[in-house]
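Note that the numbering runs from 1 along the sequence shown for the chain.
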Amino acid sequence: LAPPVAIRSARSRDRVEIMTRDALPAAVVWDLDGTVIDSEEYWIIAETEIVESFGGTWSHEDGLAVIGQGLSETALLMQERGVQLSSEDIISAMTSRVLEKMDEKMPWRPGAPELIRGLRAEGVPLAIATMAYAEMAHRVANAISGVSFSAIVAGDQVTHSKPDPEIYLLAAERLGVNPADCVAIEDSPVGVTAASRAGLFTIGVPLFLSLDDSPANLLWPTLAGRTPQDIYDAFTQQRGRA
């Protein structure tokens, strides 16, 4: 049997709760844009610059409307606004611009890197499931010092975009775990829907878009101050209700 795992409770810095590894989620699967990093504004900047370079218009609301969806769908909309580039060229241009902005400043969402490090320190496997392409996913993953992800599934590795559950099912497959034993953390309605359809316990942490009508199992206003114990509590309470 695996030794017990000690996790310090978020409710008391002086109390340590002991749990077995079997009681922990099999893995925590993270969305990237808007969840780990507050990069949606970078994407909107990139989209706007590209569309305007071809004489079209792209508003902030247009950018919000495509949050969470696949880059190929966004590229198609940009072509409809007059961008005379192939989808792959549009995606490449967008990704390059966002990476440039990230090199200037990595826009972490409050509490995300700390919670990721805390989970990894407790031995919980971690994965990324993002509609961004693999180059960006690995760039962000490598920027979190002291952390290794057991699986990274990106938008250029799946056939169907969120809200289709494919990306989460593939993440669970690569981790070698049952999706129902995993926790997903998402910020967008389409992302929450994808994780929920795949059977993961889903925590929604909204950024630009409301998740009030989403199928999230739980909503947190922020990850700041959250600990592995909070995820353990939410996960086990849900299992108890089930």
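Between the side chains of Gln69 and Thr74, at least one donor N or O lies within less than 3.5 Å of an accepting N or O. For the residue pair Glu173 / Tyr168, no side-chain donor-acceptor distance below 3.5 Å is found, with atom types taken as modelled. Glu186 and Thr202 share no donor-acceptor pair across their side chains, judged by distance under 3.5 Å alone. Checked by atom type, the side-chain pair Trp108/Asp38 shows no donor-acceptor distance below 3.5 Å. In this structure, a donor-acceptor pair under 3.5 Å is present between the side chains of Asp233 and Gln229. Of the N and O atoms on the side chains of Ser86 and Asp89, at least one donor lies less than 3.5 Å from an acceptor on the other residue.
A continuous path of ILVMFWY side-chain contacts below 4.5 Å connects Ile167 to Val177, so both sit in one hydrophobic cluster. If you chain together hydrophobic residues whose side chains sit under 4.5 Å apart, Ile185 and Ile116 fall into the same group. Neither Ile90 nor Ile44 shares a network with the other; the hydrophobic side chains, linked directly or stepwise wherever heavy atoms of I, L, V, M, F, W or Y lie under 4.5 Å apart, form separate groups for each. Residue Leu170 is not grouped with residue Leu32 when hydrophobic side chains (ILVMFWY) are merged at heavy-atom distances under 4.5 angstrom, including chains of intermediate members. Side-chain heavy atoms closer than 4.5 Å link hydrophobic residues (I, L, V, M, F, W, Y) into clusters, and following such links, even through other members, never connects Val183 to Leu211.
For the pairing with Val29, the side-chain contact (heavy atoms from CB on, under 4.5 Å) check across Ile128, Leu126, Leu200 returns one residue only, Leu200.
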**Request:** Could you please spell out the steps behind the salt bridge (Lys or Arg N to Asp or Glu O under 4.0 Å) verdict for Arg81 and Asp62?
**Result:** CA-CA 11 Å; Arg81 298 294 179 89; Asp62 291 326; 2.9 Å; yes
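Between Val192 and Gly204, the shortest heavy-atom distance links the atoms CG2-CA, 4.4 Å.
A salt bridge is absent between Asp187 and Arg109: the closest approach of a Lys/Arg side-chain nitrogen to an acidic carboxylate oxygen does not fall below 4.0 angstrom. Using a cut-off of 4.0 Å between Lys/Arg side-chain N and Asp/Glu carboxylate O, Lys101 and Glu41 are scored as not salt-bridged. Under a 4.0 Å N-O distance rule, the pair Asp31/Lys162 qualifies as a salt bridge.
Considering only heavy atoms from C-beta on, Met102 comes within 4.5 Å of Met136 through its side chain.
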